[in-house]
Asker: 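Let me begin by handing over the structure; questions about it come next.
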Amino acid sequence: MGDSEKYESLLLRNQLCFPVYLCAKEITRRYTPLLDELNLTYTQYIVMMYFWEKQESNVKEIGDTLLLDPSTLTPLLKKLEDKGYISRTRSDEDERNLVVKVTEKGLKLREKAVQVPEKMGKCINLSPEEAKALYNLMYKVLKNVKKEQYD
């Protein structure tokens with residue numbers, strides 16, 4: 001086996017991770033001006049979408065759903081609370097458990113945010129079928145990678 005064949009697997013054109021990385025980076029970059037109008041970072045936007053759907057949760061459920069560890073999630077929640085979008089209170093049943101709820105101000109932000117997916121959809125420019133296929137494939141990869149982590 002020659003050197004060119006030996007190192008074929010290391011060529012960028014043969015890496016699935018490289019276009020995934022580039023897409024994630026570019027899509028996040030395209031979100032930035034839209035989210036600046038909402039005074040949110042991309043990760044804060046993801047958390048707010050979670051709350052627009054769930055209304056209330058605890059830190060463990062949020063972290064498990066969004067795959068965010070507590071060291072990332074705790075300061076993020078604090079910043080969203082400082083902006084008035086969520087509230088954090090100790091559970092009456094178990095003081096170790098922090099109950100996080102979306103506020104009225106946080107719900108009103110949803111009205112401004114509703115245009116973000118449409119604008120991003122135009123930017124990405126996939127047919128509904130292509131978008132669904134990509135979504136399913138990405139979650140399949142995520143499931144497989146997470147499974148490998150625990151095998």
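Atoms considered below: every heavy atom in the structure, side chains included; atoms not considered: hydrogens, waters and symmetry mates.
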Asker: Less than 4.5 Å apart, any side-chain heavy atom of R90 and any of V99?
Answerer: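 No, too far: nothing below the 4.5 Å cut-off.
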
Asker: To the nearest 0.5 Å, tell me how far L142 CG sits from Y139 OH.
Answerer: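 Here the interatomic distance stands at 7.0 Å.
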
Asker: Looking at L66 and V47, what are the two nearest heavy atoms and their distance?
Answerer: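 Of all heavy-atom pairs spanning L66 and V47, the closest is CD1-CG2, 3.7 Å.
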
Asker: Taking all atoms of both residues into account, what is the closest heavy-atom pair of P75 and P70, and its distance?
Answerer: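 Result for this residue pair: CD-O, 4.1 Å.
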
Asker: So do the side chains of Y50 and E61 get within less than 4.5 Å of each other, counting heavy atoms only?
Answerer: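 Yes, at least one pair of side-chain atoms sits under 4.5 Å.
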
Asker: Of all the heavy-atom pairs spanning T43 and L76, show the shortest one and how long it is.
Answerer: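 That would be CG2-CD1, 3.1 Å.
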
Asker: Take the angle between the ring planes of Y45 and W52 and call it parallel below 30°, perpendicular above 60°, tilted in between.
Answerer: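 The arrangement is perpendicular - the two ring planes meet at more than 60°.
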
Asker: Can a salt bridge be assigned to the pair E81 and K101 using a cut-off of 4.0 Å between side-chain N and carboxylate O?
Answerer: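 No salt bridge links E81 with K101.
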
Asker: Determine whether K79 and Q44 make a side-chain contact, defined as any pair of heavy atoms from C-beta on separated by less than 4.5 Å.
Answerer: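 In contact.
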
Asker: How close do P19 and L16 get, heavy atom to heavy atom, and via which atoms?
Answerer: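 Taking every non-hydrogen atom into account, CD-O, 3.2 Å.
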
Asker: Any chance you could lay out the side-chain contact (heavy atoms from CB on, under 4.5 Å) test for L73 and I62, step after step, and finish with the verdict?
Answerer: CA-CA 8 Å; L73 191 54; I62 301 164; 3.8 Å; yes

Asker: The test is salt bridge (Lys or Arg N to Asp or Glu O under 4.0 Å); show your working for E8 and R13 and say whether it passes.
Answerer: CA-CA 9 Å; E8 185 77 14; R13 71 173 180 260; 3.5 Å; yes

Asker: Suppose clustering is done on Ile, Leu, Val, Met, Phe, Trp and Tyr with side-chain heavy atoms closer than 4.5 Å. Which residues sit in the same group as L22?
Answerer: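 Members besides L22, by chain and number: L12, F18, Y21.
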
Asker: Rounded to the nearest 0.5 Å, how far apart are CZ of R30 and CE of M120?
Answerer: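 Taking CZ in R30 and CE in M120, the distance rounds to 6.5 Å.
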
Asker: Do side-chain atoms of T103 reach the backbone of S87 as a donor and acceptor pair under 3.5 angstrom?
Answerer: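 No, because the side chain of T103 does not come within donor-acceptor range (under 3.5 Å) of the backbone of S87.
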
Asker: To the nearest 0.5 angstrom, please state how far the OG1 atom of T28 sits from the CG atom of L35.
Answerer: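 Rounded to the nearest 0.5 Å, the OG1-CG separation comes out at 9.5 Å.
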
Asker: To the closest 0.5 Å, what do you measure between CE (M138) and SG (C23)?
Answerer: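 Going from the CE atom of M138 to the SG atom of C23 covers 8.0 Å.
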
Asker: If you measure from CE on M48 to CG on L38, what distance do you get to the nearest 0.5 Å?
Answerer: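 Rounded to the nearest 0.5 Å, the CE-CG separation comes to 10.0 Å.
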
Asker: For the pair Q15 (side chain) and S9 (backbone), establish whether a donor and an acceptor sit closer than 3.5 Å, ignoring hydrogens and angles.
Answerer: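 Present.
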
Asker: Would V141 end up clustered with I27 when hydrophobic side chains under 4.5 Å apart are linked, directly or stepwise?
Answerer: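 No; I27 is not reachable from V141 via cluster members.
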
Asker: Would you say the side chain of L98 lies within less than 4.5 Å of the side chain of T89, judging by non-hydrogen atoms?
Answerer: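 Sidechains of L98 and T89: no contact.
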
Asker: Around K83, counting heavy atoms of other residues, nucleotides and ligands shown, do more than 12 lie under 6.0 Å from its NZ?
Answerer: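 Yes, because the 6.0 Å sphere around NZ of K83 holds more than 12 heavy atoms from other groups.
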
Asker: Looking at every non-hydrogen atom in both residues, tell me the closest pair between R88 and T74 and how far apart they are.
Answerer: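 Closest approach of R88 to T74: NH1-O, 4.1 Å.
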
Asker: What I want to find out is whether R29 reaches E26 closely enough, with some N-O distance under 4.0 Å, to be called a salt bridge.
Answerer: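 A salt bridge is present here (some side-chain N lies under 4.0 Å from a carboxylate O).
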
Asker: Is L137 isolated, or which residues cluster with it under the ILVMFWY side-chain rule of less than 4.5 Å, directly or via members?
Answerer: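 Reading the cluster by chain and number, L137 sits alone, since nothing else belongs.
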
Asker: Between Y42 and T32, is any pair of side-chain heavy atoms under 4.5 Å apart?
Answerer: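 Contact flag for Y42/T32 side chains = no.
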
Asker: From D69 CG over to D64 CG, what is the distance, rounded to the nearest 0.5 angstrom?
Answerer: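 So the CG of D69 and the CG of D64 are separated by 11.5 Å.
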
Asker: Which atoms form the tightest heavy-atom contact between F51 and S57, and what is the distance?
Answerer: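 Reported closest heavy-atom pair: CE2-N, 4.1 Å.
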
Asker: In the single-linkage hydrophobic clustering (I, L, V, M, F, W, Y; side-chain heavy atoms under 4.5 Å), do Y135 and M49 co-cluster?
Answerer: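 Different clusters: Y135 never reaches M49 through Ile, Leu, Val, Met, Phe, Trp or Tyr contacts under 4.5 Å.
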
Asker: Would you say Q55 and L107 make side-chain contact, with heavy atoms under 4.5 Å?
Answerer: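 Counting from C-beta outward, Q55 and L107 do come under 4.5 Å.
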
Asker: Measure the shortest side-chain to side-chain distance between L109 and L40 over non-hydrogen atoms and say whether it is less than 4.5 angstrom.
Answerer: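 Yes, at least one pair of side-chain atoms sits under 4.5 Å.
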
Asker: Please evaluate residues K122 and E118 with respect to the criterion salt bridge (Lys or Arg N to Asp or Glu O under 4.0 Å), reporting the C-alpha separation (whole Å), side-chain torsions for both, the decisive distance (0.1 Å), and the verdict.
Answerer: CA-CA 6 Å; K122 288 178 182 174; E118 181 182 341; 3.5 Å; yes

